[in-house]
Amino acid sequence: MNKTALITGGTSGIGLATADLLAANGYQLIITGRRADRLDTISADLSSKHNVSVETLCFDVRNNNEVQEHLGGLVKANRQIDVLVNNAGLASGLDKIQNGDVEDWDKMIDTNVKGLLYVSRQIIPQLIKQQSGHIVNIGSIAGKEVYPNGNVYCGTKHMVDALNKSMRRELAEHGVKVSAVNPGAVETEFSIVRLHGDTNKAKLVYEGFENLVAEDIADAVHYIVSRPDHVNINDLIIMPKAQPAAGQVIRNKGL
Ligand code: NDP
Ligand code: 8X3
């Protein structure tokens with residue numbers, strides 16, 4: 001029987017590329033996001049391209065009632081979940097703390113930390129019941145290091161790093177594997193969202209060097225979930241060649 005992957009934030013970027021690659025490798029998909037029109041289009045595209053079933057669930061991970069309403073049903077129905085990719089997330093703003101916008105902070109904390117917890121809270125009991133499954137948390141280099149103006153985003157991703165380690169220790173005895181992928185700069189909608197819709201400024205973030213693309217991260221997720229059952233990849237950090245550390249990019253040198 002085909003395996004099933006539940007991917008949060010499947011409407012663009014890393015989540016979408018991961019959905020595409022896992023479907024190409026025979027996974028049935030459940031993808032989530034807030035943009036219903038995109039979910040519809042992506043579901044039609046991926047199911048016809050890969051001949052797999054693609055279910056969509058439209059909800060905001062920040063709203064625990066919505067999360068319970070949409071994911072609780074899967075668990076009640078005893079749906080086998082083989083892979084959960086906790087990917088939905090964002091950065092909002094690039095200000096120093098003294099100039100920070102509290103709404104930006106709330107958005108990042110509520111999405112990257114509380115949203116990931118709300119989703120995991122619903123799905124982990126099912127994985128324990130199955131005594132199998134694999135959670136892949138999408139962290140960031142911002143969860144390993146910090147950089148000026150990254151403050152709250154870095155904080156949320158450090159928390160993802162801590163939750164990733166905690167989940168792994170708590171779930172190992174249930175036969176559930178937990179891994180994280182921590183990328184550097186990947187060109188997706190990430191910077192457009194971080195810069196509040198300023199597409200011109202967002203383009204500059206990726207100028208003068210070869211950034212990662214969403215497919216690089218999807219490839220890593222697929223590598224992680226396709227290891228033999230006795231092997232777990234705890235943690236991967238994936239950077240562009242031109243980004244040796246968080247907040248440091250070597251530009252205009254052909255890298
Ligand atoms: P995108 O903006 O392209 O994708 C983000 C995805 O998250 C979208 O599908 C979006 O769906 C979903 N999402 C955001 N907020 C919510 C919410 N409140 N409820 C439900 N879904 C939500 O960015 P990326 O693909 O780059 O980001 C994916 C993950 O990768 C994030 O966790 C990010 O922090 C992480 N990451 C990104 C890096 C980068 O440089 N791009 C580097 C390191 C980590 P919708 O808008 O439809 O709700
Ligand atoms: C996104 C990568 O380097 O902008 O998580 O923080 S970075």
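Numbers here simply count residues along the sequence, with the first being 1. Both counts, for ligands and for their atoms, begin at 1 and track the order of listing.
Using a non-hydrogen distance threshold of 4.0 Å, Q243 registers as a contact of ligand 2. For A185, the heavy-atom gap to ligand 1 drops under 4.0 angstrom.
Both the backbone and the side chain of N87 come within 4.0 Å of ligand 1, counting heavy atoms alone. Only the side chain of Y153 comes within contact range of ligand 1, with a heavy atom under 4.0 Å; no backbone atom does.
Residues D60 and Y118 form no side-chain contact, since every pair of their non-hydrogen atoms from C-beta on lies 4.5 Å or further apart.
D161 and K157 are not joined by a salt bridge, as no carboxylate oxygen comes within less than 4.0 angstrom of a charged side-chain nitrogen. Using a cutoff of 4.0 Å between basic side-chain nitrogens and carboxylate oxygens, D106 and R62 are not scored as salt-bridged.
The nearest heavy-atom contact from the protein to atom 7 (S) of ligand 2 is Y147 OH, 3.6 Å. Atom 2 (C) of ligand 2 has S140 OG, 3.7 Å as its closest protein atom, hydrogens excluded (heavy atom only).
Ligand 1 places these atoms under 4.0 Å from at least one heavy atom of F59: 19 (N), 20 (C). In the vicinity of G89, heavy-atom distances shorter than 4.0 Å reach the ligand 1 atoms 5 (C), 7 (O), 14 (C), 31 (C), 32 (O).
Once rounded to the nearest 0.5 Å, the distance linking OG of S226 with CG of N25 reads 7.5 Å. Within the model, atoms CD1 of I31 and SG of C58 stand 10.5 Å from one another, a figure rounded to the nearest 0.5 Å.
Between the side chains of Q28 and T4, no donor N or O sits under 3.5 Å from an acceptor N or O.
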